[in-house]
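Here, residue 1 is the first one in the sequence, and each next residue gets the next number. Because only heavy atoms are used, hydrogens play no part in the values below, and waters and symmetry mates are left out as well, while side chains stay in.
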Amino acid sequence: MLAMGSEEWELYPSSDIGSQVIEYRPVSEDSDDDQNGDVAVSLDVVLPDDLLEKVLSFLPVASIIRSGSVCKRWHEIVHARRHAWSKIVPQKPWYFMFTCSEDAVSGFAYDPSLRKWYGFDFPCIEKSNWSTSSSAGLVCLMDSETRRRIVVCNPITKDWKRLLDAPGGKTAGYSALAFSVDIRSHHYTVAVARSNQVPSEYYHWELTIHLYESVSGSWMTPFTGVLVGWRGGDECVICDGVLYYLLYFTGILVNNNEHRHCLVMYDLTARPNHTSLISMAIPVPCVLTCGRLMNLSKKLVLVGGIGKQDRPGIIKGIGIWELHNKEWREVARMPHKFFQGFGEFDDVFASCGADDLIYIQSYGSPALLTFEVNHKSWKWSVKSPVSKRFPLQLFTGFSFEPRLDVAL
């Protein structure tokens, strides 16, 4: 079995934000502690606030948060001046891992920069059955049971907001969630794509796209159409102003070389009311399983299992592709030694990412694998503190960018 890493993991409570702080007291020039006439002055005493902010901005996000507990002055700078962190040194996306249960959502967040795990929780949600999508420091969650309740939150600052319930819901056969944030204005867009089977028509599926704009605070439905031989699923993403949606073939395949999936696009800027999405569909690059779409620095990336030609449900590897001018370019394939490193791989896995980092995790194991796109490098995370307590225990997670400056 491949070693997952030898580093020790550490736990930092999520209550660091807003925790008790030490009162800030400047050193007196008449201090009795100095018997030699030399006064020991802390560096932060003589630094003005803007320079102290500059110094702290070079720290990882986790260190900045912890520094807010040093004294009242530092607490004020860290928590009350969020605009100051907009120019922070770029941070790699974190990965939040948790076990599937009906309990409150709590687990561990992995920081790839420091290669450490932190104890983490989401106070705005009370169970783990949620669909997620993240962008620019915010995470959007949709209750998978009602498929109407939607929450937007900043996992680092713990700010959160429940949106108006999305149109449709339990009647939808399939629902997919996508989320996009304008990094300058912090305005955001939520897209919910729903797919319902047309009554008495086995091969006909109605596709509806609902949009929520934070500026207006309301929902609109710019598109409704009927797909023949195809249906929507639970995977979509917003990339550079376009909604990409992964569709599944519902007809009868003549041979195993035919693809069971395709990708359709919907322009969120033009928002056409009547258009044939299938006529512009892009076939997937191979026989695909567990396909996941992600926006990596405004590049559309697809991660999925490569199925066997004679047995499409069995995967022989995991591939990564980038869409370029409506054609897929292979970025990488997972080396066999890493593929074996998951142990009992049941062909079902989760993947997500942001910036240039992709996370891959098997639902049946807490092992976490990372892939850096720019360096084409695969690496195991430090061993997760989450342990498997029984054979059928499932694990899942999602990535998010740690940001202190993005507010709701």
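For the atom pair D240 CG and L300 CG, the distance stands at 10.5 Å (nearest 0.5 Å). In this structure, the separation between CG on L368 and CD1 on I360 is 9.5 Å, given to the nearest 0.5 Å. To the nearest 0.5 Å, atom OH of residue Y212 and atom CZ of residue F179 are 10.0 Å apart. To the nearest 0.5 Å, the span separating CE on M142 from OG on S131 amounts to 4.5 Å. Atom CH2 of W94 and atom CG of L114 lie 8.0 Å apart (nearest 0.5 Å).
Under the 4.5 Å side-chain criterion, counting only non-hydrogen atoms from C-beta, I238 is not in contact with N295. Between I282 and E327, every side-chain heavy-atom pair lies at or beyond the 4.5 Å cut-off. For the pair D111 and Y118, the minimum side-chain heavy-atom distance is below 4.5 Å. Residues S134 and E401 form no side-chain contact, since every pair of their non-hydrogen atoms from C-beta on lies 4.5 Å or further apart.
Side-chain N/O atoms of E235 and Y245 include no donor and acceptor closer than 3.5 Å. Side-chain atoms of N374 and D356 include a donor-acceptor pair closer than 3.5 Å. If you check the side chains of D182 and Y188, you find no donor sitting under 3.5 Å from an acceptor. Between the side chains of S180 and T189, no donor-acceptor pair is found at a separation under 3.5 Å. Side-chain atoms of S175 and R194 form a donor-acceptor pair, as typed in the model, at a separation below 3.5 Å. For the residue pair H187 and S214, no side-chain donor N or O sits within less than 3.5 Å of a side-chain acceptor on the partner.
Side-chain atoms of R147 come within 3.5 Å of backbone N or O of G173 as a donor-acceptor pair. Counting only distance, with no hydrogens or angles, the side chain of W230 and the backbone of T250 share no donor-acceptor pair below 3.5 Å. A donor-acceptor distance shorter than 3.5 angstrom exists from the side chain of Q197 to the backbone of Y202, with no hydrogens or angles considered.
T224 pairs by the side-chain hydrogen bond (donor to acceptor under 3.5 Å, both in side chains) definition with nothing, not counting sequence neighbours.
When each of R148, H210, M220 is tested with P167 by the rule side chain to side chain contact (heavy atoms under 4.5 Å, CB included), just one qualifies, namely H210.
Using cut-offs of 30° and 60° for the angle between ring planes, the F398 and F98 rings count as perpendicular. Classification of the Y359-Y95 ring pair by plane angle, with boundaries at 30° and 60°, yields tilted. Between Y174 and W205, the ring planes are tilted. Angles from 30° to 60° get that label.
For residues 213-228, every residue pair satisfying the salt bridge (charged side-chain N to carboxylate O under 4.0 Å, His left out) rule, not counting sequence neighbours, is listed here: E213-R271.
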Query - side-chain contact (heavy atoms from CB on, under 4.5 Å) between E372 and I358, intermediate numbers included - result: CA-CA 7 Å; E372 290 193 48; I358 295 175; over 6 Å; no
Query raised in the report: Do L163 and V152 pass the side-chain contact (heavy atoms from CB on, under 4.5 Å) test, and can you show the C-alpha distance, the side-chain angles, and the key distance before you say yes or no?
Result: CA-CA 7 Å; L163 308 185; V152 175; 3.9 Å; yes
